[in-house]
Amino acid sequence: DRDTDKKRIEELLEENMVLEIAQKQSMNESAHLGWELEQLSKSTDLADSEKSFVFELNECASSRILKLEKDNQSLQNTIQELRDASLTSRESSLKFVELEKENQQLSKKIEKLQNQIEKEKQSNQDLETLSEELIKDKEQLQVIMETLKADKDRQVQ
C-alpha cells in the first residue's frame with residue numbers, strides 16, 4: 001500500500017509539474033497578448049473604450065492565472081503534508097482520491113483558461129484587423145478631404 005501511495009504521490013507530482021508548466025505557458029501567452037495589445041493601442045488612435053477593454057482582458061487573464069497558481073500551491077502543500085504525515089493507507093487513499101479530483105478540476109480550469117486565451121487571441125486579431133481597416137479609411141478620407149479642399153480653392157479662385 002505504501003509503495004502504491006508513493007507511486008501515486010509521484011504521479012500527482014508529475015501532474016502538478018505539467019500543470020505548472022501549462023500555467024507558465026498561459027501566463028507567458030497572456031503577457032505576450034498584453035504586450036501585443038499595448039503595442040496595438042500605441043500604434044493607432046483607438047478610443048479609450050478599447051484601451052479599457054485591453055486592460056480588462058489582461059486583468060481577467062491575470063486573475064485567473066493567479067487563482068490557478070493558488071490552487072496549484074494548495075495542492076502541492078497537501079501533497080507535502082501527506083509525505084510528512086504518517087497516514088494510514090486508507091486515509092492516504094482518501095486523500096489521493098481528493099487530490100485526484102482537485103487535479104482534474106485544475107486541469108479543467110487550465111483547459112478553460114487556454115480556451116479563453118485562444119478566444120482573446122482571436123479577438124485581438126479581429127481588433128488589429130479592424131484597426132488596420134480604420135487607419136486605411138482614415139488615410140482615404142484625408143486624401144479625399146485634401147482633394148475637396150484643393151477643388152474648393154480652385155473654385156474660389
Side-chain angles (χ1 to χ4, degrees), residues 1-140:
D1 287 343
R2 286 186 179 171
D3 287 343
T4 304
D5 291 343
K6 285 181 183 179
K7 287 180 182 177
R8 185 65 187 140
I9 287 173
E10 289 175 6
E11 289 174 5
L12 288 171
L13 285 172
E14 287 177 19
E15 287 181 36
N16 270 343
M17 284 198 261
V18 169
L19 290 173
E20 284 179 347
I21 290 170
Q23 277 181 320
K24 288 179 182 175
Q25 288 174 343
S26 294
M27 288 173 57
N28 287 341
E29 288 178 13
S30 183
H32 184 70
L33 285 174
W35 179 81
E36 287 180 355
L37 288 172
E38 286 178 27
Q39 295 303 315
L40 180 63
S41 67
K42 286 179 185 175
S43 66
T44 63
D45 295 328
L46 295 176
D48 288 338
S49 63
E50 289 177 357
K51 289 180 183 177
S52 65
F53 171 75
V54 169
F55 179 76
E56 216 174 288
L57 205 61
N58 285 337
E59 286 295 316
C60 183
S62 296
S63 67
R64 285 190 181 130
I65 289 169
L66 288 175
K67 185 177 181 189
L68 286 174
E69 284 178 337
K70 184 179 177 184
D71 291 343
N72 195 20
Q73 185 63 37
S74 172
L75 189 57
Q76 286 178 344
N77 289 340
T78 305
I79 289 173
Q80 188 61 38
E81 288 172 9
L82 283 174
R83 282 185 181 160
D84 295 342
S86 57
L87 298 175
T88 64
S89 295
R90 188 173 184 189
E91 291 173 334
S92 294
S93 296
L94 291 175
K95 278 289 187 185
F96 284 125
V97 169
E98 288 176 29
L99 288 173
E100 192 171 307
K101 287 179 183 177
E102 272 188 71
N103 230 355
Q104 289 173 353
Q105 289 173 348
L106 280 175
S107 295
K108 289 178 183 177
K109 287 179 183 178
I110 287 175
E111 187 177 324
K112 286 180 183 178
L113 182 61
Q114 287 173 339
N115 288 338
Q116 181 67 28
I117 287 174
E118 287 301 317
K119 289 178 185 176
E120 289 171 3
K121 280 182 183 179
Q122 183 61 42
S123 175
N124 289 339
Q125 289 175 350
D126 293 345
L127 280 174
E128 188 173 334
T129 302
L130 178 63
S131 175
E132 290 172 359
E133 290 173 5
L134 288 173
I135 289 172
K136 288 178 184 176
D137 288 348
K138 179 183 172 185
E139 290 171 355
Q140 288 175 350

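Only heavy atoms go into these numbers, but all of them, side chains included; no hydrogens, no water, no symmetry mates.
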To the nearest 0.5 Å, what is the distance between CD on Glu11 and CD on Glu14?
7.0 Å
Holding to side-chain hydrogen bond (donor to acceptor under 3.5 Å, both in side chains), I want the full list of residues that pass it with Gln116, two or more places apart in sequence or in another chain.
Glu120
Is any side-chain heavy atom of Glu29 less than 4.5 Å from a side-chain heavy atom of Lys121?
yes
Distance col, row Met27:CE vs Leu113:CG, nearest 0.5 angstrom, shows 10.5 Å
What residues form a side-chain contact (heavy atoms from CB on, under 4.5 Å) with Gln122, not counting sequence neighbours?
Gln125, Asp126
For Glu133, what residues pass the side-chain contact (heavy atoms from CB on, under 4.5 Å) criterion, not counting sequence neighbours?
Thr129, Leu130
Is the shortest distance from a Lys or Arg side-chain nitrogen in Lys108 or Glu111 to a carboxylate oxygen in the other one below 4.0 Å?
no
Distance from Lys136 atom NZ to Glu139 atom CD, nearest 0.5 Å?
9.0 Å
Can you tell me how far apart CD (Gln114) and NZ (Lys109) are? Round to the nearest 0.5 Å.
14.5 Å
Could you grab the distance from atom CD1 of Ile9 to atom OG1 of Thr4, nearest 0.5 Å is fine?
11.0 Å
Please check if the side chain of Ser123 supplies one atom and the backbone of Lys119 the other of a donor-acceptor pair under 3.5 Å.
no
Point-to-point distance, once rounded to the nearest 0.5 Å, from CD1 of Ile117 to NE2 of His32
12.0 Å
In terms of side-chain geometry, is the basic nitrogen of Arg8 or Glu100 positioned less than 4.0 Å from the acidic oxygen of its partner?
yes
Donor-acceptor check, side chain of Ser131 to backbone of Leu127, threshold 3.5 angstrom: yes or no?
no
